[in-house]
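Working notes, beginning with the structure itself.
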Amino acid sequence: MENIELTILVVILSVTLLVFLVVGIVLALKLIRLAEEARKIVETGQHIATKADDIVDNVKGMTSVGGIVKTFANRVVEKQERKYAAEDAAEMAAQEVVNEAVADAVAEEVAKTSKKKSTK
C-alpha cells in the first residue's frame, strides 16, 4: 500500500510540475513578444519626440525676430540669385547670337575672297 501512495504522490507532483513548466514556457514566449512590442513603441515615441523638437525649432525660428530676419534675408538672396541667373542666361543667349553672326560674316568673307582669287 505504501508504494501505491508514493506512486500516486509522484504522479501528482510530476503532472503539477509539467503544468507549471508548460505555463512557464508560454509565459516566457509572451514576455518576449511583449518586450519586442515595447521596443517598437519606444522607438516610435523617440521618433515622435524628435519630430516635435524639429517643429518647435521651426516655430521658434519663424516667430523670433532673428528667425524672421533670417527668413527674409534668405528670400531676398534667393530672389537675387534667380534674377542674376536669368540675366546671365539672357547674356549668354545674346553672346551666342553675336558669335553666330560673326561666324556667318567670316564665312561670307572667306567665300567672297575665294571667288575673287578664282576669277583672277
Side-chain angles (χ1 to χ4, degrees):
M1 268 298 190
E2 215 173 286
N3 283 337
I4 293 176
E5 293 168 350
L6 286 175
T7 306
I8 292 173
L9 185 61
V10 168
V11 169
I12 291 173
L13 288 174
S14 298
V15 169
T16 306
L17 182 61
L18 178 66
V19 169
F20 280 121
L21 184 63
V22 170
V23 169
I25 290 172
V26 170
L27 183 61
L29 292 174
K30 293 289 184 181
L31 286 175
I32 290 171
R33 288 187 186 143
L34 182 64
E36 289 174 358
E37 290 296 320
R39 183 183 51 82
K40 289 179 185 176
I41 291 170
V42 167
E43 286 176 358
T44 304
Q46 288 175 344
H47 183 68
I48 290 170
T50 302
K51 289 290 184 183
D53 286 343
D54 291 343
I55 291 170
V56 167
D57 288 341
N58 288 340
V59 170
K60 184 175 76 172
M62 296 169 112
T63 57
S64 69
V65 175
I68 293 171
V69 170
K70 182 179 177 183
T71 303
F72 178 73
N74 286 339
R75 286 186 182 169
V76 169
V77 167
E78 288 173 6
K79 192 175 185 181
Q80 290 295 323
E81 286 175 350
R82 278 189 252 125
K83 177 183 172 186
Y84 290 133
E87 288 176 1
D88 289 344
E91 189 176 306
M92 291 177 90
Q95 186 64 36
E96 277 187 33
V97 169
V98 168
N99 288 343
E100 288 176 10
V102 168
D104 290 343
V106 168
E108 280 183 30
E109 193 62 36
V110 168
K112 285 180 185 178
T113 306
S114 64
K115 279 184 184 180
K116 285 182 183 179
K117 287 183 181 180
S118 64
T119 56
K120 286 185 180 181

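Counting begins at 1 with the first residue of the sequence.
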Under 3.5 Å, side-chain donor or acceptor atoms of residues 72-92 against the rest of the protein: list the pairs with distances, not counting sequence neighbours.
{"unit_1": "Asn74", "atom_1": "ND2", "unit_2": "Lys70", "atom_2": "O", "d": "3.4"}

In short, salt bridge (charged side-chain N to carboxylate O under 4.0 Å, His left out) pairs touching residues 11-27 with sequence neighbours left out are none
Partners passing side-chain contact (heavy atoms from CB on, under 4.5 Å) against Val102 (at least two apart in sequence or in another chain)
Val98, Val106
For residues 16-42, run the donor-acceptor check on the side chains, cut-off 3.5 Å, and write out each pair with its distance to 0.1 Å, sequence neighbours left out.
{"unit_1": "Thr16", "atom_1": "OG1", "unit_2": "Ile12", "atom_2": "O", "d": "2.7"}
{"unit_1": "Arg39", "atom_1": "NH1", "unit_2": "Glu43", "atom_2": "OE2", "d": "3.2"}

Checking one residue: Leu9. Which other hydrophobic residues are in its cluster under the side-chain 4.5 Å linking rule?
Leu13
Can you pull the side chain to side chain donor-acceptor pair (under 3.5 Å) pairs that have at least one residue in residues 96-106, sequence neighbours excluded?
Gln95-Asn99
